[in-house]
Amino acid sequence: MAPFIATTSAPVNIACIKYWGKRDTKLILPTNSSLSVTLDQDHLRSTTTSRADPSFKEDRLWLNGVEENIKSGGRMATCISEMKRMRKELVEDVDASAPKLSTFSVHIASYNNFPTAAGLASSASGFAALTASLAALYALPSPPTTLSLIARQGSGSACRSLLGGFVAWNAGELASGLDSNAVQVAPESHWPDIHALICVVSDTKKGTSSTSGMQRTVETSALLQHRIKHCVPQRMADISAAILARDFDRFAEITMADSNQFHAVCLDTAPPIFYMNDVSRAIIAVIEEYNRVALLPENGGKRKAAYTYDAGPNAVIYAPAANIKEIISLIIHYFPQQDAFKDPFGLFGTAGVGS
Ligand code: ADP
Ligand code: DP6
Ligand code: CO
């Protein structure tokens, strides 16, 4: 009998409108919708191999070569059992000759080609690759938007990494979470000119995980409630329109405003959470000055770059391809020291946004 095995990769996505807050921590239902750009597979990605075998005694997981405990009732266990349920319902119950893989245990090995838990969205690519790999192993007929419902239960941001290009995660309204899925706003081919420059300020594990940080924000921040009700809905509509119109100036304005508001909400948390450091803030100053000059009428009057920061100090700079060389020279000019601006993983390059 041929082995039942499948390997799949998934890229990271970096949000322009940030997800920060859960209304249901078990199902991972967010307090607000979010929107991101999925980077292409050539750069930051997770690669996951899943194998099912009747001889396996229990589900096991190795992350970057080290075995991790699969906590019963935890996120990893939920994703695996949901995928087994789909295998049974969509394949085995429909075709009596299909091998009963849903009754076998699985062994899963995953590798990230970039720092794990450093604010570069490893949970997003990690749980997307896990879901995609089990979907391939189980030969599920489900489209990415359906699979996003499962990846979401591993890590919220993971639901967006199952689709390429510009992706929205609808907060949804149902208590079941069945309408809290990821949908493509536009494919990468709609706007291939946008590039992402990843500036690794620090590759160390962050002090406060996204999961615990956002929970603390939900419990203590009044500013979060203002953000959810009065800011995010309009921004979601405006940035989707900017993407469809390929309006970089507007895209950049909204992306930077939302990153800054997300970090303001972290500061409004008790005790406060600081994800950015001095180098992160200095990069903001450089890009703000670059845009100030670009916004002068004699220079065209439009922004040329957008910074955004997730739950960590590392900058992602979105810009049209034509500006990337200039931005790299600027960054190297202002951050010449090896320590302040290092590139141990070869990440200091540009990434297209395809999937
Ligand atoms: P990040 O900013 O990197 O997303 P998080 O705190 O959100 O950091 O999540 C990090 C956690 O995501 C890890 O501790 C691990 O549990 C999980 N994770 C990361 N990579 C993978 C992977 N390839 N497969 C499965 N889980 C992963
Ligand atoms: C700042 O998806 O890592 O990157 O759902 O608890 O696993 P969990 O959190 P996670 O949070 C990501 C937060 C963010 C913003 C974003 O990606 O939208
Ligand atoms: Co994460």
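Whatever order the structure lists ligands and atoms in, that order sets their numbers, starting from 1.
The shortest N or O to N or O distance between E68 and ligand 1 is not below 3.5 Å. For G156, a nitrogen or oxygen atom sits less than 3.5 Å from a nitrogen or oxygen atom of ligand 2, counting backbone and side chain alike. The N/O atoms of W20, backbone and side chain alike, include none that comes under 3.5 Å of an N/O atom in ligand 2. For ligand 2, one of its N or O atoms has an N or O atom of D310 under 3.5 Å away. Annotation: G119 places an N or O atom under 3.5 Å from an N or O atom of ligand 1; distance criterion only. For the pair S155 and ligand 2, the shortest N or O to N or O distance falls below 3.5 Å. At under 3.5 Å, not a single nitrogen or oxygen of T116, backbone or side chain, sits near a nitrogen or oxygen of ligand 1. Ligand 1 has no nitrogen or oxygen under 3.5 angstrom from a nitrogen or oxygen of A124. Considering backbone and side-chain atoms alike, S123 places an N or O below 3.5 Å from some N or O of ligand 1. The shortest N or O to N or O distance between R75 and ligand 2 is below 3.5 Å.
When all heavy atoms of M256 and A305 are compared, the pair lying nearest together is CE-O, 3.8 Å. Considering all non-hydrogen atoms of both residues, L120 and V12 come closest at O-CG1, 3.5 Å. Between I14 and Y318, the shortest heavy-atom distance links the atoms O-OH, 3.0 Å. Considering every non-hydrogen atom in both H195 and D193, the closest pair reads ND1-O, 3.3 Å.
Among C79, G156, S110, the residue whose heavy atom lies nearest to atom 24 (N) of ligand 1 is S110. Of the options S122, G126, S212, the smallest heavy-atom separation from atom 19 (C) of ligand 1 is shown by S122.
From the protein, the heavy atom lying nearest to atom 25 (C) of ligand 1 is M76 CE, 3.8 Å. Summary of contacts: the protein heavy atom closest to atom 20 (N) of ligand 1 is N112 ND2, 3.0 Å. For atom 14 (O) of ligand 1, the nearest non-hydrogen atom of the protein is A117 CB, 4.4 Å. For atom 27 (C) of ligand 1, the nearest non-hydrogen atom of the protein is L63 CD2, 4.0 Å. Given atom 26 (N) of ligand 1, the protein heavy atom at minimum distance is F127 CE1, 4.0 Å.
Ligand 2 has R160 within reach: a non-hydrogen atom of the residue lies less than 4.0 Å from it. In this structure, Y275 has no heavy atom closer than 4.0 Å to ligand 2. Within the 4.0 Å heavy-atom shell around ligand 1 one does not find L130. R75 does not count as a contact of ligand 1, since none of its heavy atoms falls under 4.0 Å from the ligand. A heavy-atom separation below 4.0 Å is found between A118 and ligand 1. Ligand 1 has no atom lying under 4.0 Å from any heavy atom of G312. In this structure, K206 has a heavy atom closer than 4.0 Å to ligand 1.
Atom CD of E173 sits in a sparse spot, with 12 or fewer heavy atoms from other residues, nucleotides or ligands closer than 6.0 Å. Within a 6.0 Å radius of NZ in K302, other residues, nucleotides and ligands contribute 12 heavy atoms or fewer. In this structure, K205 places its NZ atom where only 12 or fewer heavy-atom neighbours from other residues, nucleotides or ligands lie under 6.0 Å away.
Residue T217 forms a side chain to side chain contact (heavy atoms under 4.5 Å, CB included) with just one option from L267, D268, I273, T31, and that option is I273. N13 pairs with exactly one of S125, S36, S34 by the side-chain hydrogen bond (donor to acceptor under 3.5 Å, both in side chains) rule, that one being S36.
A donor-acceptor pair under 3.5 Å is formed between the side chain of N323 and the backbone N or O of K304. No donor-acceptor pair under 3.5 Å is formed between the side chain of T220 and the backbone N or O of T269.
Proximity to T211 (heavy-atom distance under 4.0 Å) selects the following atoms of ligand 2: 6 (O), 7 (O), 8 (P). Close contacts between ligand 2 and A15 involve ligand atoms 16 (C), 17 (O), 18 (O) [criterion: under 4.0 Å to a heavy atom]. Interface atoms of ligand 2 facing S157, defined by a heavy-atom separation under 4.0 Å, are 2 (O), 3 (O), 10 (P), 17 (O). Taking every non-hydrogen atom of S210 and a distance limit under 4.0 Å, the qualifying atoms of ligand 2 come out as 3 (O), 9 (O), 10 (P), 11 (O). Those atoms of ligand 2 that come under 4.0 Å of a heavy atom in M214, given as number and element, are 9 (O), 11 (O). Listed by atom number, the atoms of ligand 2 under 4.0 Å from F262 heavy atoms are 1 (C). Here is the list of ligand 2 atoms found below 4.0 Å of a heavy atom in A311: 1 (C). Atoms of ligand 2 found under 4.0 Å from any heavy atom of S123, numbered from 1 in the order shown, are 3 (O).
Backbone or side-chain N, O or S atoms of T211 do not reach the Co ion (ligand 3) at under 2.8 Å.
For the pair E82 and R85, the salt-bridge criterion is met [side-chain N within less than 4.0 Å of a carboxylate O]. Between D278 and R281 there is a salt bridge, since at least one side-chain N of the basic residue sits less than 4.0 Å from a carboxylate O of the acidic one.
Proximity of atom 16 (O) of ligand 1 to the protein is not indicated, since no non-hydrogen protein atom lies closer than 4.0 angstrom.
The hydrophobic cluster containing F262 does not contain V37, counting ILVMFWY residues as joined when their side-chain heavy atoms lie under 4.5 angstrom apart, directly or transitively.
With a 4.0 Å heavy-atom cut-off, ligand 1 is reached by the backbone of S210 and by its side chain too.
Ring-plane geometry between H263 and Y309 is classed as perpendicular, the angle between the planes exceeding 60 degrees on a 0 to 90 degree scale with a lower cut at 30.
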